[in-house]
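Here is the structure we will look at.
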There are 2 protein chains.
Amino acid sequence: MADTRTAARRSYPRDVVVRVLNESYDHPTAYTVYERARKIKPDISRGTVYRNLKLLTESSEALLLETGGEFAHYDGHTEEHSHFVCKKCGEITDIFAKPRVPEEISEMGLVVTEEKCIYYGYCNKCKEKDKKKEKKL
Amino acid sequence: MADTRTAARRSYPRDVVVRVLNESYDHPTAYTVYERARKIKPDISRGTVYRNLKLLTESSEALLLETGGEFAHYDGHTEEHSHFVCKKCGEITDIFAKPRVPEEISEMGLVVTEEKCIYYGYCNKCKEKDKKKEKKL
DNA sequence: CTCCTTATCAGTAATGATTACTATTATTAT
DNA sequence: ATAATAATAGTAATCATTACTGATAAGGAG
């Protein structure tokens, strides 16, 4: 006995959420994760999805992505990477290039354990659309 | 006449919001901005604050900061800079060091117009607390 | 294997930040 | 000044997320 800690138990609903995250490469919102989870376990509840998304992000098994849009997005692939968000269509693209952490930060005595870099702009598709528009004007 | 565009008008409530943002260096939440605006114009409404915060961030006159916490924060100082968030106390520190935008992004054809980098870790105060704790254990 | 503790769940109710709405006010061009 | 309409105060509505509750089940101890 002694020190019976609050530990994580394995459960099917949680596994379903993890599986959905692992199989998704489009940075789904919580609701989209819920919809996909329901295809596997139709009676999974919203609360379960939200609770597990929170637990998983807190334990760094998933990434929380706040892009400035209405909803939060989730990424089950935790290899270090950044994201590019198209301001026109909202598409999120993975950027597998490690951004340099400014030395200034550690010089200030701050201890950095994580970083989240989001780049904004226009994706290839939307970039082209703009060009066409300009021609019309 | 011709082309009567939707233009921004100057208004006192909007000026109040701008002034609060300019005078705040602690990255206030929308509600904090509202509280501070009320000290200047007691009958300013929440809707006005939210609407103007949205307009100001859309026009890049203010920065929207989503740190993973419960609320969004706002920063009226738009000189290019990043932020450091303490995972313990939540304090947000300005980092005036420009992070390098990975070349890979433009190589992918993506057009970058903005970037938001948030670093997470422990501030000087919380770092020290942890040290003391470790000694006890 | 059985018992026990309690983490987790499904389902539902509640929360509360943000947005929408509406009648009114105020800004700017003419 | 007048007209046109952007912006506001105040309030109601929205809806993503969280909290709650009784039931279930994971997993350690014996």
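Quick note on labels: first sequence line is chain A, next is B, and so on, each numbered from 1.
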Applied to residues 64-73 of chain B, the side chain to side chain donor-acceptor pair (under 3.5 Å) test, sequence neighbours excluded, yields none
Figure out the CD/C1' separation between B:Glu35 and C:dA17, and round it to whole Å.
14 Å
Restricting to salt bridge (charged side-chain N to carboxylate O under 4.0 Å, His left out), what partner residues turn up for B:Glu104, sequence neighbours left out?
none
Determine yes or no for a side-chain-to-main-chain donor-acceptor pair under 3.5 angstrom, with B:His81 supplying the side chain and B:Lys98 the backbone.
no
So which heavy atom on A:Cys123 is nearest to which on A:Cys86, and how close?
N-SG, 3.4 Å
Return the orientation label for the A:His27 and A:His83 ring planes: parallel under 30°, perpendicular over 60°, tilted otherwise.
perpendicular
Spacing of OH belonging to A:Tyr12 relative to CD1 belonging to A:Ile40, to within rounding of 0.5 Å
6.5 Å
Using the C1' atoms of five pairs at each end, what's the angle between the two axes of the helix from C:dC1-D:dG30 to C:dT30-D:dA1, to 10 degrees?
50°
Can you list the residues that meet the salt bridge (charged side-chain N to carboxylate O under 4.0 Å, His left out) rule with A:Glu23, with sequence neighbours excluded?
A:Arg19
Heavy-atom closest pair (B:Tyr119 atom, A:Ile105 atom, distance to 0.1 Å) is CD1-CD1, 3.4 Å
Test item: B:Lys127 side-chain N/O and A:Gly109 main-chain N/O as donor-acceptor pair under 3.5 Å
yes
Between the protein and nucleotides 24-27 of chain D, which nitrogen or oxygen pairs come in under 3.5 angstrom?
residue: D:dA26; atom: N3; partner: A:Arg9; partner atom: NH1; Å: 3.1
residue: D:dG27; atom: OP1; partner: A:Arg10; partner atom: N; Å: 3.1

Walk along nucleotides 9-17 of chain D from 5' to 3' and tag each nucleotide B, S or - by protein heavy-atom contact under 4.0 Å, base first, then sugar-phosphate.
BB-----SS
Nearest heavy-atom pair of A:Phe84 and A:Tyr122: which atoms, and what distance?
CZ-N, 3.5 Å
